[in-house]
Amino acid sequence: MKMSEMFFTTLRETPSEAEIPSHQLMLRAGLMRKLASGIYNYLPLGKRVLKKVEEIVREEMDKTGAQEILASALLPAELWKETGRWNVFGPEMFKLKDRNEREFCLGPTHEEIFTDIVRNEIKSYKQLPFNLYQIQTKYRDEKRPRFGVMRSREFIMKDAYSFDKNWDGLDISYKKMYDAYCAIFDRCGLKYWVVDADTGAMGGKDSNEFMVPSDVGEAEVVYCDECGYAANVEKAPCVNRAIHAEDVEKEIKKVATPDVKTVDELMHFFNTTADRFVKTLIYSIDGKAVAVMLRGDREVNITKLQNLFKASDIEMADRNTVESVTGAEVGFAGPININVDVLVVDDEVAHMKNFIIGANETGYHYENVNYGRDFKADVVADIRNIEVGEPCPKCGKPINIARGIEVGHIFKLGTKYTEALGATYLDENGQEQPIIMGCYGIGINRTVAAIIEQHHDDRGIIWPMSVTPYHVIIVVASNYQPEQIQAAEKIHDELAARGIEVLLDDRDERAGVKFNDADLIGIPIRITVGKKISDGMVEFKRRDKAESIDIPINDIVNKVIDEINRELA
RNA sequence: CGGGAUGUGGCGCAGCUUGGUAGCGCGCAUGGUUCGGGACCAUGAGGUCGCAGGUUCGAAUCCUGUCAUCCCGACCA
């Protein structure tokens with residue numbers, strides 16, 4: 001491809017709206033342009049990268065025996081109403097009506113649709129198992145689209161759905177996907193964690209997320225260098241030990257604490273540390289008032305709380321509710337004489353001694369409080385976030401926490417959708433059984449962004465060979481030298497004839513501009529045809545290396561092909 | 001949805017406090033000189049200053065409303 005003919009523009013300056021490297025570079029390198037918030041158009045270079053990633057995904061999926069189909073992105077409301085998700089998704093779903101006022105949505109995910117396809121075709125155990133997938137555009141009206149393609153409202157997703165006779169079969173289907181995902185992300189040149197994940201609103205049993213370590217990631221990952229344990233913080237269980245175990249239980253005492261409301265103020269007032277306090281937070285969970293108690297310096301884990309209550313709607317209670325259940329101003333809530341539907345105590349609190357709590361009376365706290373003796377909970381459970389340095393749930397060594405980009409997610413769904421939609425089969429005994437389902441997603445655009453996050457420097461992108469839009473870029477140093485142009489065209493044609501994707505920078509620009517653009521768009525191999533062509537030499541340089549080497553023009557084609565093959569092997 | 005910020009040629013920005021001809025850098029076009037890490041000179045094209053009202057003789061500038069975009073938070077198969 002001659003760059004003088006290519007639809008392609010780079011930006012010298014970073015658009016002010018882009019904050020993170022992948023977003024900045026995707027715009028600067030001319031991979032894509034924004035159409036609206038969270039909606040992007042892909043230009044030729046960007047489209048080629050998407051295709052590369054899609055092709056890797058397709059190859060690895062096909063290897064597992066999964067079969068590609070293509071469902072519609074425009075979906076009738078009925079199916080969603082059958083499973084109840086028309087309302088569950090709520091405003092996040094792009095909803096629309098046809099000319100006859102029939103309701104539709106743009107598909108945010110496709111469990112319902114694949115299950116519907118399957119229920120119409122599958123009748124017998126003899127037809128199971130199988131796995132169907134598609135690579136298709138999804139629509140989610142995100143509350144806050146962010147970071148370019150990292151969280152967008154329109155995105156390309158590979159979604160796969162497995163259908164099995166039983167749970168053992170699902171385990172096998174799941175393992176195949178797990179391995180395929182590892183192969184996919186390996187081939188994309190990504191370093192990643194496979195973490196235990198919450199099954200969330202999708203329902204189901206086991207779940208793993210594929211997380212690319214990155215400071216710009218939206219998820220927090222707990223990991224253990226000792227034993228290799230890794231989990232989403234949402235999921236990671238806390239291991240609680242007795243705190244201040246040496247203390248003897250002292251007598252409970254009411255203390256006047258005028259205007260002392262926050263944990264910080266309490267620490268000051270009592271001249272002690274946050275682990276001596278227990279805070280009582282009031283939540284509204286599916287309409288019920290719930291008090292949640294945890295150590296002063298801990299954070300509530302909403303996911304754990306949600307799972308505990310099998311809740312769909314959780315929010316912090318408003319000021320009025322707090323004041324009515326506690327009978328005091330905000331800042332003095334405590335478990336004694338509190339008027340809530342449920343009192344939940346974090347497991348850690350049950351391990352504490354002589355702690356300080358609110359008295360449900362404005363201006364007062366209790367100290368030397370002990371769980372069991374002074375109050376009792378309706379539920380004691382693990383409902384907090386694990387923190388750095390706490391014991392690993394698997395081996396007990398101190399854990400670390402880092403941020404990650406979720407590029408893939410796999411679930412054992414079970415029968416949630418097949419039961420709701422009546423997708424059943426007749427088993428060997430003629431008995432009707434629900435099909436057992438798994439679902440498996442990869443965000444294609446987000447994977448591209450994650451690759452850039454992991455492969456760039458201050459000059460631009462550094463594509464892995466497997467996903468680069470072109471393998472090679474030939475820079476003609478001096479366009480006005482016919483000898484250089486001719487030599488460059490010859491190399492270009494020979495490489496192209498041998499199946500190499502090659503760009504020829506024959507633009508009427510100075511060498512510096514071409515070098516800078518080559519670095520920016522991140523082509524892994526650069527050949528420069530310059531002065532030394534008179535000695536029959538061209539320059540070979542890798543984007544990821546600083547130095548370059550001179551190579552006889554007659555050897556360059558083989559050199560390049562060797563290099564590419566070595567890397568793609 | 002709560003908080004914060006910003007909208008001025010394709011990109012980056014100034015001008016706004018104190019109303020009066022819309023500016024700079026980059027990019028783009030033409031000509032010339034250059035030519036291995038974002039050249040130089042000359043000439044030129046391109047903007048209803050997000051939109052709608054209002055104040056005023058006069059609004060990019062002041063007021064009101066609205067829309068859009070970005071960031072933080074909440075939320076997120």
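Below, all heavy atoms of this structure are taken into account, side chains as well, without hydrogens, waters or symmetry copies.
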- Donor-acceptor pair under 3.5 Å: do we get one between A:E13's side chain and the base of B:G27? no
- Message: With a cut-off of less than 4.0 Å, is there a side-chain N or O of A:R510 near OP1 or OP2 of B:U34?
- Response: no
- Check: A:E509 side chain, B:G38 base, donor-acceptor under 3.5 Å: no
- Message: I'd like to know if A:K304 pairs up with A:D198 as an ion pair, taking the criterion as any Lys NZ or Arg NE/NH1/NH2 lying under 4.0 Å from an Asp or Glu carboxylate oxygen.
- Response: no
- How many Å lie between CZ on A:F89 and C1' on B:C75, as a whole number? 13 Å
- Note: for A:R153 and A:Q484 on RNA chain B, the residue whose nearest nucleotide lies more 5' is A:Q484
- On a whole-Å scale, what distance lies between the C1' atoms belonging to B:A60 and B:A22? 8 Å
- Message: Considering every strand and a 4.0 Å limit on heavy-atom distances, what is the contact class for A:E92: base, sugar-phosphate, or nothing?
- Response: sugar-phosphate
- Item | Minimum-distance nucleotide (side-chain atoms of A:K541 versus B:C35, B:G37, B:G38) | B:G37
- Around atom CG of A:D535, are there more than 12 heavy atoms of other residues, nucleotides or ligands at under 6.0 Å? yes
- From CD of A:E17 across to C1' of B:G7 the rounded distance in Å is 12 Å
- OP1, OP2 of B:C13 versus side-chain N and O of A:S16: anything below 4.0 Å? yes
- A:S284/A:E315 under side-chain hydrogen bond (donor to acceptor under 3.5 Å, both in side chains): CA gap, chis, key distance, verdict: CA-CA 5 Å; A:S284 169; A:E315 53 188 357; 4.7 Å; no
- Which is true for A:D159 with a 4.0 Å heavy-atom rule: it touches a base, it touches only sugar-phosphate, or it touches nothing? nothing
- For A:N479, report the nucleic acid contact type (base, sugar-phosphate, nothing); a contact means any heavy atom under 4.0 Å. nothing
- Message: At 4.0 Å (heavy atoms only), tell me whether A:T528 reaches a base, stays on the sugar-phosphate, or touches nothing.
- Response: base
- Query: Is the number of heavy atoms from other residues, nucleotides or ligands within 6.0 Å of CD (A:E17) greater than 12?
  - Reply: yes
- What nucleic acid atoms does A:E19 come within less than 4.0 Å of, heavy atoms only: base, sugar-phosphate, or nothing? sugar-phosphate
- So does A:D346 pair up with A:R298, basic N to acidic O under 4.0 Å? no
- Task: Please work out if A:R28 contacts a base, only the sugar-phosphate, or nothing of the nucleic acid, heavy-atom cut-off 4.0 Å.
- Result: base
- Scanning both residues in full, the closest heavy-atom pair of A:V149 with A:S152 reads O-OG, 3.9 Å
- Query: Parallel, tilted or perpendicular for A:Y181 and A:F210, by the 30°/60° rule?
  - Reply: tilted
- Message: Below the 4.0 Å mark, does B:C1 have OP1 or OP2 next to a side-chain nitrogen or oxygen of A:R144?
- Response: no
- Note on the structure: A:K34 atom NZ is separated from B:U6 atom C1', nearest whole Å, by 12 Å
- Does the side chain of A:S37 get closer than 4.0 angstrom to OP1 or OP2 of B:A68 through an N or O atom? no
- Message: Does A:F147 reach a base, just sugar-phosphate, or nothing at all? Heavy atoms under 4.0 Å.
- Response: sugar-phosphate
- What orientation do A:Y174 and A:Y440 show, parallel under 30°, tilted 30 to 60°, or perpendicular over 60°? tilted
- A:R151 CZ to B:C70 P, in whole Å, measures 14 Å
- Item | Atom-to-atom span, CD of A:E209 to P of B:C76 - whole angstrom | 13 Å
- Result for 5'-nearest mapping on RNA chain B, choosing between A:E218 and A:K532, is A:K532
- Query: Can a donor-acceptor pair under 3.5 Å be found between the side-chain atoms of A:R526 and the base atoms of B:G37?
  - Reply: yes
- From CA spacing to verdict: side chain to side chain contact (heavy atoms under 4.5 Å, CB included), A:M177, A:T64: CA-CA 8 Å; A:M177 287 296 109; A:T64 69; 3.4 Å; yes
- Is any side-chain N of the basic residue among A:D517 and A:K514 closer than 4.0 Å to the acidic one's carboxylate O? no
- Distance between the P atoms of B:A5 and B:C11, in whole angstroms? 24 Å
- Identify, residue by residue, the members of residues 284-294 of chain A with a heavy atom below 4.0 Å from RNA chain B, and return them in order of residue number, or none. none
- Let me know the distance between CZ of A:R33 and C1' of B:G27, rounded to the nearest Å. 13 Å
- Message: Can you identify which nucleotide, out of B:C76, B:A39, B:C75, has its nearest atom closest to the A:V513 side chain?
- Response: B:A39
- Message: Of the listed nucleotides (B:G38, B:C75, B:G36), which one gets closest to any side-chain atom of A:I302?
- Response: B:C75
- Query: Parallel, tilted or perpendicular: which describes the rings of A:F94 and A:Y139, with under 30° parallel and over 60° perpendicular?
  - Reply: perpendicular
- Message: Just N and O in the side chain of A:R12: are any of them under 4.0 Å from OP1 or OP2 of B:G27?
- Response: yes
- Query: Just to confirm, is there a sub-4.0 Å distance from OP1 or OP2 of B:C72 to any side-chain nitrogen or oxygen of A:R146?
  - Reply: yes
- Here the residues of residues 67-78 of chain A within 4.0 Å heavy-atom distance, strictly under, of RNA chain B are none
